[in-house]
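One structure is given here, and the rest of the page talks about it.
Chain A is the first sequence line, chain B the second, and so forth, proteins listed ahead of strands; every chain is numbered from 1. Remember, predicted model here, so these are calculated numbers, not experimental data.
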Protein chains: 2
Amino acid sequence: MDTLETRELRYFVTVAEELHFGRAAERLGMAQPPLSRAIQQLERRLGVTLLDRNRRGVALTGAGQVLLDEARTLLDGAAAAARRTRRAASTTTRLVLATKAGANHDLLRNLLDAHAAEPDAAEIEVVLCGMGDQARMLRDGRADVAFMQRPFDNLAGFDTEDLTTEPQVAIVPAAHPLAARTSLTTAEISDVPDLPLARWPDPDGRYEPGPGPEIRDLSQLAQLIALGHTTAVLCASARSWLWSAHAAIPLTDSALVTTVLAWPAHSRSRAVAGLVRTASRL
Amino acid sequence: MDTLETRELRYFVTVAEELHFGRAAERLGMAQPPLSRAIQQLERRLGVTLLDRNRRGVALTGAGQVLLDEARTLLDGAAAAARRTRRAASTTTRLVLATKAGANHDLLRNLLDAHAAEPDAAEIEVVLCGMGDQARMLRDGRADVAFMQRPFDNLAGFDTEDLTTEPQVAIVPAAHPLAARTSLTTAEISDVPDLPLARWPDPDGRYEPGPGPEIRDLSQLAQLIALGHTTAVLCASARSWLWSAHAAIPLTDSALVTTVLAWPAHSRSRAVAGLVRTASRL
DNA sequence: CGTCGGTGATACCGGGCGGGTATGACAGCG
DNA sequence: CGCTGTCATACCCGCCCGGTATCACCGACG
């Protein structure tokens with residue numbers, strides 16, 4: 001009756017992303033008519049129109065937008081279930097820890113050292129990922145635990161253990177006049193004409209418009225700051241990877257950043273529980 | 001390749017629950033051989049044995065236990081997706097609020113009054129459910145928001161807004177000598193020979209063994225306390241429904257109970273957001 | 001120790017459904 | 001008024017899901 005098949009959800013998500021049945025069918029490796037029919041069946045079963053087929057294009061209805069969100073998390077969940085089940089079958093319990101490349105290096109090292117000292121330490125594989133990819137990696141089972149940062153990352157749906165709290169600093173080129181300052185305010189760093197703030201991608205990989213350069217990872221950022229082209233606000237532990245061409249200036253009015261260890265809610269993994277216990281003693 | 005179909009998951013969950021292919025097939029309304037085959041296909045696709053078929057019975061492997069957990073939440077999620085999508089299509093935005101029957105009556109009334117006074121108030125349907133059913137109702141989409149209690153309920157996977165914090169009290173028969181006390185400790189109330197503590201079901205509906213009577217809802221509890229057969233520890237707001245045959249004695253050393261408004265993480269519902277905003281102003 | 005009951009697995013068959021191809025309907029556009 | 005691009009419809013086919021019949025296996029029992 002109301003049993004959504006994952007195949008249908010996969011089809012719907014692709015169509016909703018492409019907003020074009022032909023291209024969606026191509027991406028799915030099938031022909032367009034069966035895809036149209038599958039979406040119609042889905043709509044009939046739900047008793048809801050998910051897509052507005054106007055001439056010249058397809059648009060999501062409100063219900064379609066809701067189902068798109070739901071379907072994405074369900075498909076992630078299905079992939080996660082398969083991965084976790086396979087992982088559970090392999091005898092070697094290995095944990096995958098996801099973290100932003102370059103962030104919290106010292107903290108990570110401390111945690112790994114402490115964990116390795118435990119008697120029944122599970123092997124830990126560290127996966128470096130882009131900004132904000134940790135949530136998706138946890139959701140779809142590619143990672144078991146992750147370093148995330150409050151308030152930047154959305155922690156909804158995860159259990160967390162607070163690790164450290166630190167202020168933020170502005171990273172500026174050492175040659176820039178601002179490098180001589182002993183402190184700055186958020187307003188000051190946001191409004192330097194010759195030093196626009198670097199822009200990070202949002203979760204969809206898009207960039208908000210703005211004057212600063214578009215950044216994907218910390219090595220890009222480090223280079224561009226060293227070149228004197230941009231500046232950025234990061235948490236204080238970023239000092240551990242600064243170049244001599246960088247200067248870190250404390251921000252007096254910035255929000256405190258808490259780095260947390262996050263894992264999927266309801267996780268029953270003993271290995272995760274062990275790592276969390278170790279982390280809570282740090 | 002590794003695409004778990006919900007049909008397969010439904011089959012697997014049923015078999016894992018029954019631990020018997022014949023009965024599982026009957027519950028699923030199908031014959032046993034196709035069910036066996038479907039499970040075999042699932043195992044082959046995952047490359048994992050999920051069930052140990054010993055003579056005399058079927059048992060879950062470790063991987064099978066993992067998949068059972070995952071599959072249950074996935075199936076709940078699929079049902080939720082269907083319900084939420086249908087709900088989104090109906091023009092009248094109606095919110096379903098789940099709460100334990102009888103708990104937090106005054107708080108609920110305040111919230112509903114405040115919400116009704118809002119200009120664009122969505123209609124709210126209150127669903128009373130058993131102890132701890134709120135989590136499942138949120139997960140499978142039967143409810144949009146719920147009253148839950150920290151630290152009793154597992155809030156993992158939900159966003160929450162704290163509402164009130166209150167101490168716990170012991171509810172004892174007014175005729176019992178303890179009713180004359182002005183305060184009690186947890187140890188004292190746990191160890192009264194003629195007044196064993198009532199026992200609540202765990203999430204599976206089972207009862208831990210113990211001397212006290214097995215309780216399903218507050219009306220049962222109220223009756224049994226009034227009869228002088230049992231006692232219970234509840235949060236202080238339970239006073240609002242006490243009978244004259246009851247007495248509430250403060251517990252000096254009990255944990256504080258925080259009642260929270262909870263909703264599914266990542267909810268993008270405007271109606272939920274509105275209610276949360278109202279609640280945060282209470 | 002043979003038989004029987006109960007279990008899951010296997011063999012085989014039929015129908016329905018998912019998918020393909022060809023084509024239609026329709027709007028925008030030159 | 002064709003042309004083009006788009007999604008829907010019509011129709012056919014092959015596969016896979018599900019059903020029936022049966023087997024293989026083991027435990028229980030007299």
Self-check item: Rounded interatomic separation in angstrom, taking CG from B:Leu35 and P from C:dT10
Solution: 14 Å
Quiz item: Is there a donor-acceptor pair under 3.5 Å between the side chain of A:Arg199 and the backbone N or O of A:Gly212?
Solution: yes
Quiz item: Quick one: is A:His20 getting a side-chain N or O under 4.0 Å of the D:dG5 phosphate, OP1 or OP2?
Solution: no
Exercise. May I ask you to decide whether A:Glu8 forms a salt bridge with A:Arg45, counting only side-chain N to carboxylate O separations under 4.0 Å?
Key: yes
Practice problem: Using whole Å, report how far CZ of B:Arg10 lies from C1' of D:dC17. | Solution: 13 Å
Self-check item: Length of the line joining B:Glu18:CD and C:dG8:C1', which is rounded to integer Å
Solution: 15 Å
Quiz item: CD of B:Glu43 versus C1' of C:dA9: gap in Å, rounded?
Solution: 12 Å
Exercise. Could you tell me whether the side chain of B:His266 reaches within less than 4.5 Å of the side chain of A:Glu70, counting heavy atoms only?
Key: no
Quiz item: How would nucleotides 17-23 of chain C be written as a contact map, 5' to 3', with B for base contact, S for sugar-phosphate-only contact and - for no contact, using protein heavy atoms under 4.0 Å?
Solution: -BBBBB-
Self-check item: Whole-Å gap separating P (D:dG5) and CD (A:Glu26)
Solution: 14 Å
Self-check item: Spacing between B:Arg23 atom CZ and C:dG6 atom P, to the nearest angstrom
Solution: 12 Å
Exercise. May I ask you to check whether A:Thr14 and A:Glu18 show a side-chain donor-acceptor distance below 3.5 Å?
Key: no
Practice problem: Take atom CZ of B:Arg44 and atom P of D:dC16, then tell me their distance rounded to the nearest Å. | Solution: 12 Å
Practice problem: Respond yes when some side-chain nitrogen or oxygen of B:Ser36 is under 4.0 Å from OP1 or OP2 of C:dG8, and no when none is. | Solution: no
Self-check item: A:Thr6 versus B:Glu5, side-chain donor and acceptor atoms under 3.5 Å
Solution: yes
Practice problem: Go through the side-chain N and O atoms of B:Thr73 and B:Arg139 and say whether any donor and acceptor fall under 3.5 Å apart. | Solution: no
Quiz item: Can you tell me how far C1' of D:dC25 sits from CZ of B:Arg53, to the nearest Å?
Solution: 15 Å
